[in-house]
Q: 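Please see the structure below; I have some questions.
These numbers come from a predicted model, not from an experiment. Residues take their numbers from the sequence shown, with the count starting at 1.
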Amino acid sequence: MAKVSQLSQLKTALSKAGVTGKPEQGKKRKRSGSVDKDKEKRATKLEEIHKRLNPFDTKVTRLKHDVGGRKVKGVSGRPAQSKQAGLEQRKKTLLKEFHEKGRAGGIVDRRFGENDPSLSLEERMLERFTKERQRASKGIAFNLEDEDELTHYGQSLSKLDDFDNVGLGLGDDEEDTGKIDADVVKHTHFGGFEEEEDDESEEPARKKSKAEVMAEVMAKSKEHKLRRQMEREQEDNVRHELDQDFDALRALIYAPDPSSTGSNSVPLGGAVAETSSKAAVLILPTAPEDYDQHVRELAFEKRAKPKDRTKTEEEIALEEKEALEKAERRRRRRMLGLEESDSEDEGKTRGKRKRGGDDLEDDFVDEDEWDGLGTGLAEDGDLNHEAEGSGSDEEEGNEENASEGDSNDEEDESDGSLEEGEHEDLVQAKKSSSRKSAKEKAKDLPFTFPCPSTHEELLTILDNVSDDNVPLVIKRIRALYHTSLSPENKFKLQTLATILIDHVLYVTSPPEPRFSLVSSILPHIDALTKAYPVRIAEHFVEKVSLMHKNLKRGLSQGALDQEAKTWPGLSELSLLRIIGSTWSTSDLNHAVVSATRVLLGAYLGLGRVRSLSDIASGLFLCTLFLQFETLSKRLVPEAVAFLTNIVLHLAPHQYKSVASLPGTFPSPDFRSDLCRPLALNPKTRSKITPQKANLATLLQLDEPTEQAKADLLSLALVLHGKYADMYKSLDGFVELYEPIIEVLKHIDSANLPVALQTQLSSLVDTLGRLLKFSQQARQSLRLQAHKPIPIPSYIPKFETTTSNYLRRQDPDHERNEASKLRNQYKQERKGAIRELRKDAKFLAGVEQEKQKEKDRAYHVSMKRVFGSLEGERAEEKAMEREKSKEKRRAGRK
């Protein structure tokens, strides 16, 4: 069989099918409907020829085992056709979404009544037409509604319509076919001689046409237009009347007071009443006043000023500083007997004069003016103080004396240095015995102070200043040296904060501790600590390190030595209390609090009890520990053991030796020679009533008293209860407090005062309940929870193979269904991935075509630009050639 080309096969097939070739001439078409059928037959034949000539259009999958009569799905397919169908489907859906990807909004059907089924078609059309007319009337640039209404023969032209009463309208279903309407023929072509009323009465009511509905709409619109025009004219008339009466209203507004006399006594309204007793007065007619002129006058009136804005922190600090400096200058001038004036250059003294009750010059300072910065001390009427120059000389002399004193102190320290093991004070300055009180000499409190750089300078500033005014002095120093006023003020305030800490240690040192002054200074320390935490933290750490060194020196000297300082004093306790209130004590690691916590534990664990002052100091440390661990609830065994030992030292009990004590907590001072006198005397129990312990009094006791013992024992029992309430959630609460409750039960309560007996029984009951709840909350240890072991099944397990016979033939129905679901999920997942890849490929092609179109447009535009440039360049070269030719002709080169 000879090979034939595809073109020859196509021509032969088309010729045999009758698609090509000359049509038969003798036959005529009998009916026009056969043309469509011929087209369908022709398309069918072309499709068959296409399939027969293109064997690659159909894909056939060869079966491995062909069984007769069995229909297998997916054996034959048309990949090209399915691919084209997929492309067409993606063009309709995915391509449309791609084009609308970044688009916001859309078409919203806002037609009136479109979604309201209660409105009929005519009502919808009527409302839409009305709204359209209203919308169109807003945009008319030349609106003639304000013009006078035009009339014709007494009738308004706005009420007439060119097509009223003319039967030339077209119905909704009629078309303009060139024929005259039947109504026109009836009424105009010799058919209108009969009475219409009879016809209308006989015929039933018919549906209105579109022309009639539009006519009614136009009539209503004209009626509304006329009504609005009438309302507008009425408003214009009222406005005109108000403009005419504005002069009378203005006369009432600006009329003078009727009670006044003289030329201003004109009645309201400006009219002069004529009486018979007065002669006739010639009144000149006033010129008409212009309304626009009054409006312009109102426009030029003074506007209201806005309120003062909120000032910044820097502005407030600057104002406070200026106010203090101004007040200080006025105070100095008042002390020197000078008259106060705004100019500071006037320094000439004038004679003194007595101040009277009507003397209201600037000598009297309003107290409210300096409320934020405080006021001066009370005046005693004696203003004969030294001059300003002598005051400055005295200050210089004080500074010289202070410098000499410092040099002498340094020499003394250099000559007699501290020996190893000697206690070192936290504050070097010592209290002067000849301190003048504020009551001895009343003096005005200055408004400005220098910022101290040492504690001695602060003591010089606070000399003759009462404790109530010390916070005021510190506040004024902070205001004068605010950080925003000068860069150096930052370092000055940091130094001031460290000096205040030293001053707290100074004022709380014996023999006269002033705790009220500490409470008033503490807010300033807190504020400065928040502003400069690093520098102040370093100063606190220095103090804590020094206290730790003093403890080591005392322990090396001997823990039981009466002269060894192994417990903190009043100043040290005050410093520890300030640390707890200033810094956060719940942090896991803290630069200041961590070191302080170690120091407190060292005091409680290493210190030995020698007197009641040691017990008072230790109980205060337990109170500080309770404050520190309120949030974190960390266990402090030193505090619990110390409280138990204090109860054994103060209360009578039945234990004779350390071995008989329950538990394992240390008790080195039990029944020691120094602690035996500290126990309560049973004979004085009826005369003693426990009171609130006074720390300053207890730390300065020389001999132990029964009242002090009872106060300390009561405080120890209270702290035991608070610690138990804080540690009740610990896992080891039972092991920690079982020995403690045994110790409390063996105390001889009969030999205690009645108040202490009640307190002890209440504490024992509380600890018993807490121990009971803690034991009930405990659970025994259990093995680790495992997943329950299932009951073994004896159903044979079939191994999964590639055999079609054994595939999905598991006898377990649930397992078989699960396998089917897994297979179905796998197939669907593959199909989804395949479709996503096709979508991505399609979108990539769209992006590529879009980029090609952009590139083509760019190249076209660039070609156009280059073409225009080349044309211009060609013209330019042609002109240059012409010019050169003309030059050559003229003999020039």
Side-chain angles (χ1 to χ4, degrees), residues 604 609 612 615-616 618-630 633 635-655 660-663 665 667 670 678-695 698 705-778:
L604 294 176
V609 177
L612 288 181
I615 295 177
L619 291 179
F620 189 82
L621 295 179
C622 294
T623 307
L624 291 180
F625 254 133
L626 184 66
Q627 175 195 353
F628 283 14
E629 310 302 336
T630 301
K633 300 184 185 304
L635 178 62
V636 185
E638 296 89 353
V640 179
F642 181 80
L643 291 175
T644 307
N645 288 324
I646 295 306
V647 173
L648 292 173
H649 293 331
L650 297 177
H653 52 80
Q654 302 173 1
Y655 298 106
S660 61
L661 294 176
F665 57 89
S667 182
F670 183 76
L678 301 181
L680 281 170
N681 189 1
K683 298 180 181 180
T684 59
R685 61 185 179 86
S686 60
K687 303 178 182 179
I688 298 174
T689 302
Q691 298 176 359
K692 187 175 181 180
N694 188 353
L695 179 64
L698 292 174
T705 60
E706 298 297 325
Q707 181 65 41
K709 297 176 184 179
D711 297 343
L712 292 175
L713 180 59
S714 175
L715 179 58
L717 295 177
V718 171
L719 291 177
H720 250 313
K722 291 184 178 181
Y723 271 98
D725 185 68
M726 184 173 64
Y727 292 148
K728 63 184 178 181
S729 60
L730 294 179
D731 295 335
F733 179 76
V734 177
E735 287 76 10
L736 179 63
Y737 273 88
E738 275 184 350
I740 296 175
I741 196 173
E742 291 294 330
V743 171
L744 295 177
K745 287 180 180 179
H746 285 80
I747 291 177
D748 296 336
S749 59
N751 295 326
L752 294 176
V754 179
L756 289 177
Q757 293 179 8
T758 306
Q759 191 174 0
L760 179 62
S761 61
S762 175
L763 178 60
V764 172
D765 294 341
T766 303
L767 292 180
R769 287 196 303 271
L770 292 177
L771 288 172
K772 179 181 177 181
F773 295 152
S774 180
Q775 290 176 352
Q776 291 177 355
R778 283 188 171 184

Q: How close do Leu695 and Ala616 get, counting heavy atoms only, and between which atoms?
A: CD1-O, 4.2 Å
Q: Are the side chains of Phe670 and Asn645 in touch, meaning some heavy atoms are under 4.5 Å apart?
A: no
Q: Taking the side chain as everything from C-beta on, heavy atoms only, tell me whether Glu742 gets closer than 4.5 Å to Glu738.
A: no
Q: What do you reckon, is CG of Asp731 surrounded by more than 12 foreign heavy atoms closer than 6.0 Å?
A: no
Q: Does the side chain of Val743 come within less than 4.5 Å of Pro662's, by heavy atoms?
A: yes
Q: Looking at OG1 of Thr758 and CG of Leu763, how far apart are the two atoms once the value is rounded to the nearest 0.5 Å?
A: 12.5 Å
Q: For the pair Leu680 and Leu752, evaluate side-chain contact (heavy atoms from CB on, under 4.5 Å) and give the outcome as yes or no after the intermediate values.
A: CA-CA 8 Å; Leu680 281 170; Leu752 294 176; 3.8 Å; yes
Q: Is there a side-chain contact (heavy atoms from CB on, under 4.5 Å) between Leu650 and Ile615 once you walk through the steps?
A: CA-CA 10 Å; Leu650 297 177; Ile615 295 177; 4.1 Å; yes
Q: Taking all non-hydrogen atoms of both residues, which atom of Gln707 and which atom of Ile688 are closest, and how far apart?
A: OE1-CG2, 3.7 Å
Q: Output, in order, the C-alpha distance, side-chain angles, deciding distance and verdict of salt bridge (Lys or Arg N to Asp or Glu O under 4.0 Å) for Asp725 and Lys722.
A: CA-CA 5 Å; Asp725 185 68; Lys722 291 184 178 181; over 6 Å; no
Q: With respect to Val640, which candidate in Tyr727, Phe625, Phe665 satisfies the side-chain contact (heavy atoms from CB on, under 4.5 Å) definition?
A: Tyr727
Q: Report yes if the side chains of Leu717 and Leu744 come closer than 4.5 Å at any heavy-atom pair, otherwise no.
A: yes
Q: Counting N and O atoms only, with roles assigned by atom type, does the side chain of Glu706 sit under 3.5 Å from a partner on the main chain of Asn681, one being a donor and the other an acceptor?
A: yes
Q: Could you tell me if the side chain of Leu698 sits less than 4.5 Å from the side chain of Leu612, heavy atoms only?
A: no
Q: So do Leu678 and Leu712 actually touch side chain to side chain, heavy atoms under 4.5 Å?
A: no
Q: What heavy-atom pair brings Asp711 and Gln691 nearest, and what distance separates the two atoms?
A: OD1-N, 2.8 Å
Q: Check whether any side-chain N or O of Ser761 sits under 3.5 Å from a backbone N or O of Gln757 as a donor-acceptor pair, and report yes or no.
A: yes
Q: What is the minimum heavy-atom distance between Leu604 and Gly618, and which atoms define it?
A: CD2-O, 3.7 Å
Q: Quick one: CG on Leu736 to CD1 on Ile741, what's the gap to the nearest 0.5 Å?
A: 12.0 Å
Q: Describe, in one word, how the ring planes of His720 and Tyr737 are oriented to each other, choosing from parallel (under 30°), tilted (30 to 60°) and perpendicular (over 60°).
A: perpendicular
Q: Which atom names give the shortest non-hydrogen contact between Leu756 and Ala710, and what distance separates them?
A: CD2-O, 4.2 Å
Q: Going by heavy atoms in the side chains, are Pro690 and Leu713 under 4.5 Å from each other?
A: no
Q: Between atom CD1 of Ile747 and atom CG of Leu648, what is the distance when rounded to the nearest 0.5 Å?
A: 6.5 Å
Q: Is it true that a side-chain atom of Gln627 and a backbone atom of Cys622 form a donor plus acceptor pair closer than 3.5 Å?
A: no
Q: Do you know which two heavy atoms are closest between Tyr723 and Ala639, and how far apart they sit?
A: OH-CB, 3.5 Å
Q: What distance do Leu767 atom CG and Lys772 atom NZ have between them, rounded to the nearest 0.5 Å?
A: 15.0 Å
Q: Only one of Val636, Leu621, Leu619 forms a side-chain contact (heavy atoms from CB on, under 4.5 Å) with Phe642, so which one is it?
A: Leu619
Q: Can you find a pair of side-chain heavy atoms, one from Met726 and one from Lys633, that are under 4.5 Å apart?
A: yes
